[in-house]
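The first residue in the sequence is number 1, and the count goes up from there.
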Amino acid sequence: MTRIIGITGGIGSGKSTLSDRFRAHGIPVIDADAIARTALTPASDCFADATALFGPDALRPDGTADRAYIAAQVFADPKKREALNGIIHPYVLSEMLRRSKACTEPLAVWDVPLLFESGFDAFCACTVAVLCKEEIRIARVTERDGADEQNTRARIKAQITDEERERLASYTIRNEGSLEAFLFEADALIERIRKELE
């Protein structure tokens, strides 16, 4: 049976970079965000319920979801965010479990931004939190996505703090220096986890 390593981290922390490093070590990665994006496509089981939460403005004229509109609503209203998560999380979890069951490798990574908030950590053999100072994260996101600083701060506030992640995670890794330094530490962490889980 494949054992699951849960990876999480706030926006701009370098969580995706760590996931890519696990891939480079031959460990498959199942990306919750990629699956969640399919939840807002008309073919998904939860599309109708998810878009109905936000009224007719959530749909474009061609019947697809207006993701920008939904994102703005979700970040402005915690109750709507909670309601949307209540629809999408079960869909994402069932797909992640299905893909994990089909996996033939001894280890697989679940890349989940809301790993602890969603309770997905209960399915993991261990968890890793990527930690990074807020100001560095804001600078990365505004540079990478062209997002405005206020919007980025709001997204950070919508997630749990690094202190909470550190308390809940089996392992932590900081990403505040150079990429080379981070990858060096990531390689050491991956080998350590491998020894402990395989």
Side-chain angles (χ1 to χ4, degrees), residues 1-38 89 92-93 95-147 152-153 155-198:
M1 193 177 114
T2 302
R3 305 192 77 191
I4 305 301
I5 303 157
I7 293 182
T8 193
I11 182 170
S13 64
K15 174 181 60 61
S16 300
T17 306
L18 182 60
S19 288
D20 288 344
R21 203 61 181 171
F22 272 91
R23 270 191 202 96
H25 282 257
I27 298 170
V29 175
I30 302 168
D31 184 338
D33 267 357
I35 295 169
R37 280 192 288 277
T38 69
H89 284 170
V92 173
L93 178 60
E95 182 59 19
M96 292 187 86
L97 289 169
R98 187 190 69 72
R99 291 185 191 189
S100 300
K101 204 172 176 185
C103 186
T104 56
E105 299 294 325
L107 301 175
V109 163
W110 280 15
D111 181 326
V112 188
L114 303 177
L115 183 70
F116 299 118
E117 300 95 315
S118 63
F120 286 19
D121 58 307
F123 298 90
C124 300
C126 73
T127 56
V128 181
V130 183
L131 309 176
C132 182
K133 288 176 190 154
E134 190 171 306
E135 293 309 313
I136 296 174
R137 290 164 56 197
I138 289 165
R140 280 181 189 153
V141 174
T142 51
E143 190 180 314
R144 180 189 73 196
D145 302 342
T152 305
R153 284 187 191 278
R155 290 176 73 183
I156 288 171
K157 292 275 177 285
Q159 299 179 332
I160 64 171
T161 64
D162 268 0
E163 289 72 29
E164 289 172 283
R165 288 187 190 97
E166 189 164 17
R167 184 174 55 79
L168 294 166
S170 317
Y171 307 91
T172 59
I173 181 169
R174 297 205 76 84
N175 182 21
E176 292 161 346
S178 70
L179 177 61
E180 291 74 20
F182 180 63
L183 295 180
F184 180 80
E185 283 190 45
D187 288 343
L189 178 62
I190 292 165
E191 285 313 310
R192 182 179 163 197
I193 291 171
R194 253 201 166 119
K195 281 191 186 112
E196 289 176 17
L197 292 188
E198 280 186 349

Looking at E176 and K133, would you say the former's side chain and the latter's main chain have a donor-acceptor pair under 3.5 Å?
yes
Less than 4.0 Å between a side-chain N and a carboxylate O, is that true for E135 and R153?
yes
Salt bridge (charged side-chain N to carboxylate O under 4.0 Å, His left out) partners of E117, counting only residues at least two apart:
none
Do the side chain of R3 and the main chain of L197 share a donor and acceptor less than 3.5 angstrom apart?
yes
Got a second to check how far I136's CD1 is from N175's CG, nearest 0.5 Å?
8.5 Å
Can E134 and K157 be counted as an ion pair, charged N to O under 4.0 angstrom?
yes
For V130, does its backbone N or O pair with a side-chain atom of R165 as donor and acceptor, under 3.5 Å?
no
Given 3.5 Å as the limit, does a donor-acceptor pair link the side chain of S13 with the main chain of L131, or not?
no
Between E95 and R99, is the closest basic N to carboxylate O distance under 4.0 Å?
yes
Sequence neighbours left out, what pairs pass ring pair (Phe, Tyr, Trp, His ring centres under 6.0 Å) with at least one residue falling in residues 164-198?
none
Which one of L93, T127, I5, T8 satisfies the side chain to side chain contact (heavy atoms under 4.5 Å, CB included) criterion with W110?
L93
Backbone N or O of A108 within a donor-acceptor pair of the T2 side chain at under 3.5 Å?
no
